Amino acid sequence: MLKSEELCRKEVINIRTAERIGFVDDVEIDLQSGCISGLIVPKHKIFFFKREDYIIPWSSIAVIGSEIILADYFESE
């Protein structure tokens with residue numbers, strides 16, 4: 001079983017583009033099932049108060065390694 005704290009601070013790489021997305025900062029939990037539904041990776045800070053995040057769905061995670069997570073991620077704009 002994987003614990004949420006084991007995911008935090010791992011680097012996420014997009015396997016579609018071979019680009020770094022960033023580092024996992026937090027996880028999103030489905031309250032009904034108690035399962036992880038997504039990974040939260042900060043995009044950038046806007047000013048000093050507001051922050052935008054990538055929310056990578058759990059279904060997009062291809063591989064979780066000891067230091068890196070590979071995700072098949074497509075961000076719609």
Side-chain angles (χ1 to χ4, degrees):
M1 181 159 32
L2 189 64
K3 296 180 182 178
S4 62
E5 53 267 1
E6 293 175 32
L7 296 171
C8 290
R9 298 184 226 337
K10 287 188 187 228
E11 187 170 21
V12 180
I13 306 293
N14 188 342
I15 60 176
R16 286 181 182 246
T17 61
E19 294 179 339
R20 294 176 174 159
I21 297 173
F23 290 86
V24 177
D25 187 51
D26 206 350
V27 295
E28 189 173 69
I29 304 289
D30 179 333
L31 294 177
Q32 291 185 343
S33 69
C35 295
I36 296 173
S37 60
L39 302 179
I40 300 172
V41 178
K43 281 185 183 180
H44 53 77
K45 290 184 180 179
I46 299 174
F47 302 107
F48 292 100
F49 303 103
K50 190 175 179 183
R51 181 177 97 180
E52 290 186 33
D53 298 317
Y54 294 106
I55 307 296
I56 301 171
W58 188 253
S59 60
S60 295
I61 304 304
V63 179
I64 299 174
S66 61
E67 296 179 18
I68 294 175
I69 298 171
L70 300 178
D72 186 8
Y73 180 67
F74 175 74
E75 181 182 23
S76 59
E77 300 205 42

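Owing to the predicted nature of the structure, the values given are computational and were not obtained by experimental measurement.
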- Item | Spatial distance of atom CD1 (Ile29) from atom OG (Ser37) [nearest 0.5 Å] | 7.0 Å

- Message: If hydrophobic clusters are built from ILVMFWY residues whose side chains come within less than 4.5 Å, do Tyr54 and Ile64 share one?
- Response: yes

- Item | Neighbour count above 12 (heavy atom, 6.0 Å) for Glu67 CD | no

- Query: Could you give all pairs that pass the salt bridge (charged side-chain N to carboxylate O under 4.0 Å, His left out) test and reach residues 21-41, with sequence neighbours left out?
  - Reply: Asp25-Arg51

- Message: Could you walk me through whether Ile55 and Ile40 satisfy the side-chain contact (heavy atoms from CB on, under 4.5 Å) test, starting with their C-alpha distance in whole Å, then the side-chain angles of each, then the deciding distance to 0.1 Å, before giving a yes or no?
- Response: CA-CA 5 Å; Ile55 307 296; Ile40 300 172; 3.7 Å; yes

- Note on the structure: In short, salt bridge (charged side-chain N to carboxylate O under 4.0 Å, His left out) pairs touching residues 32-42 with sequence neighbours left out are none

- Trp58 and Leu39: CA distance, side-chain angles, deciding distance, side-chain contact (heavy atoms from CB on, under 4.5 Å) verdict: CA-CA 7 Å; Trp58 188 253; Leu39 302 179; 4.1 Å; yes

- Out of curiosity, does Ile36 fall in the hydrophobic cluster containing Ile56 (side-chain heavy atoms, cut-off under 4.5 Å, transitive links)? yes

- Between atom OH of Tyr73 and atom CD1 of Ile15, what is the distance when rounded to the nearest 0.5 Å? 14.0 Å

- Query: Do any pairs count as a side-chain hydrogen bond (donor to acceptor under 3.5 Å, both in side chains) and have a residue in residues 7-18, sequence neighbours left out, and if so which ones?
  - Reply: Glu11-Arg20, Arg16-Asp72

- Message: Exactly one of Val12, Ile69, Ile13 should register a side-chain contact (heavy atoms from CB on, under 4.5 Å) with Ile21. Which one does?
- Response: Val12

